[in-house]
Amino acid sequence: MITSKPPGPPVRFPIQPLKRFQGASASIKRPREIAHFSYDDNHEYREDDSGIQYYYDPQIGADLKDGFDTFKHFEQKEDPHLDSLLRTLVSKEKRDGQAVQVDFVTWRGMMTKIMTAPFDMFAEFEMLATRYQGTIYIEEDFQAIFASRAAEADPQSRNSRPSHLPSHAMMTYWGYKFETLALLPDTPPNTSRTFIENRTKAVVSNHAQHCSIVRTGFGPHSIILGGEVDGLWGPKPDPQKHPDAPIPWVELKTTEELGRYPSERDILKYERKLLKFWAQSFLLGVSKVIVGFRSKQGILRVIDVYETNQIPGMVRRGTRCWDGNTCINFATAFLDHLKKTLTEEGVYKISLKKKSGVIEVGRVRAEGTGGVLSKEFLDWRESR
Ligand code: A3P
Ligand code: MG
Ligand code: MG
């Protein structure tokens, strides 16, 4: 029987001073895809590449508001934990006949939040983590998400939004509308001209997705990340013939146009957004970020294509509001901190409160793995 200390006070990891994370970045391994899965039009899990789409230049001048009333909106109502990621890993382990050995397993979104925290005063997150068979698994704390959603829906606490501004729902919609306009299920000529022309009328849905699972490294820490990839720029290299070839994934983003004479404040706001675009894409090895600039009212004006690895340099030559190497070194140091703190069985909470400047890691359950690890995964590992 494991005897463990009762949960104690959280261990604090201060973000400042950033000086200790500056300089050349910790060695980074290029992410390599080890597995993938899709969600279909009903958001059902499929262990295949059916959700892959291909980038195709959308029509400038398109109205991203079009079709809002028919939006097929998937909203996470149940806690997804790490289930789809673990399910795919179980399949891989059965195929390979060996367990994946790695220091950390998590969704890409968790690492994006950690990596960008040093340069975002307003960053906040709540995650849960557990150590099992030498690996630390980190998930989003969905109970916290559901609670904050309920608080936002409460009319008493809702901030009134001026009526001339688009609603939050509309602003969410046009990101997906842009994806629908700019992605095709196959490359021409396999996709017919009529299909392409009809894209402006297609029902927008965020149910289907394709997720890439990669193995990467931050300094000495090996990590498996799973995350959604929006599309491909060209054909995916055959993993049998070219196992090391980078995959030409693209990340699509929409943002408000900067105008002819942007103010310093507008440029700063935009470069801060680039931090999120870069970190999210960098983590999965997504090589291009395609930004659709829209007017305030949602008309698509301009498309810009960035090479992901050039984004940090652009900001270094611009407002210098963030530094990519500092982000990488910070994340490396924080992973090290997690390894030293998550030494016992149970579930730990990792949280950052807005403007607090401190990430807290506290043990919230003395035994088991909570909901972090699925029954399917535990049964499989215990049966080996
Ligand atoms: P934009 O990023 O263009 O706004 P992703 O860019 O990560 O692939 O996500 C696709 C779209 O999902 C986003 O497009 C946005 O519309 C919506 N979305 C993603 N995260 C969101 C969030 N936290 N809140 C609201 N909408 C979000
Ligand atoms: Mg996406
Ligand atoms: Mg996107």
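These numbers come from the heavy atoms of this one structure, side chains and all, not from hydrogens, waters or symmetry mates. For ligands, and for the atoms within them, numbers begin at 1 and follow the listed sequence. Along the sequence shown, residues carry numbers from 1.
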For Arg12, does the CZ atom sit with more than 12 other heavy atoms under 6.0 Å from it, leaving out its own atoms? no
For ligand 1, which atoms have a heavy atom of [X] less than 4.0 angstrom away?
X: Gln280; result: 7 (O)
X: Thr254; result: 1 (P), 3 (O), 4 (O)
X: Leu252; result: 6 (O)
X: Asp230; result: 8 (O)

Compute the ring centroids of Phe218 and Phe334, then answer whether they are less than 6.0 Å apart. no
If you compare Ala169, Gly175, Gly109 by their heavy atoms, the one closest to atom 13 (C) of ligand 1 turns out to be Gly175
For the Mg ion (ligand 3), which protein N/O/S atoms fall under 2.8 Å? Skip waters. Asp230 OD2, Glu251 OE2, Leu252 O
Would you say the side chains of Thr255 and Lys273 form a donor-acceptor pair under 3.5 Å? yes
Side-chain H-bond candidate by donor/acceptor type, Glu360 with Ser351, under 3.5 Å: no
Return the closest protein heavy atom for [atom] as residue, atom name and distance.
atom: atom 10 (C) of ligand 1; value: Glu179 OE2, 3.3 Å
atom: atom 6 (O) of ligand 1; value: Lys253 NZ, 2.7 Å
atom: atom 18 (N) of ligand 1; value: Tyr176 OH, 4.1 Å
atom: atom 25 (C) of ligand 1; value: Thr172 OG1, 3.5 Å

Taking the six-membered ring of Trp174, is NZ or CZ of Lys65 closer than 6.0 Å to its centre and within 45° of its axis? no
Salt bridge present between Glu47 and Arg95 (N-O < 4.0 angstrom): yes
Using a strict threshold of under 4.0 Å (side-chain N to carboxylate O), is an ion pair present between Glu307 and Lys288? yes
Under the 4.0 Å line, does any protein heavy atom show up next to atom 21 (C) of ligand 1? no
Summary of salt bridge (Lys or Arg N to Asp or Glu O under 4.0 Å) pairs that have at least one residue in residues 291-301, sequence neighbours excluded: Glu256-Lys296, Glu257-Arg301
Using the salt bridge (Lys or Arg N to Asp or Glu O under 4.0 Å) definition, which of the options Lys354, Lys113, Lys355 pairs with Glu124? Lys354
Per the side-chain contact (heavy atoms from CB on, under 4.5 Å) rule, which among Asp66, Thr172, Thr254 passes with Lys177? Asp66
Using a 4.0 Å heavy-atom cut-off, say whether Asn206 meets ligand 1 through its side chain, its backbone, both or neither. neither
Given the rule in the ring pair (Phe, Tyr, Trp, His ring centres under 6.0 Å) test, do Trp249 and His210 qualify, once you have shown the distances and angles that lead to the verdict? CA-CA 11 Å; Trp249 297 122; His210 183 69; 5.7 Å; yes
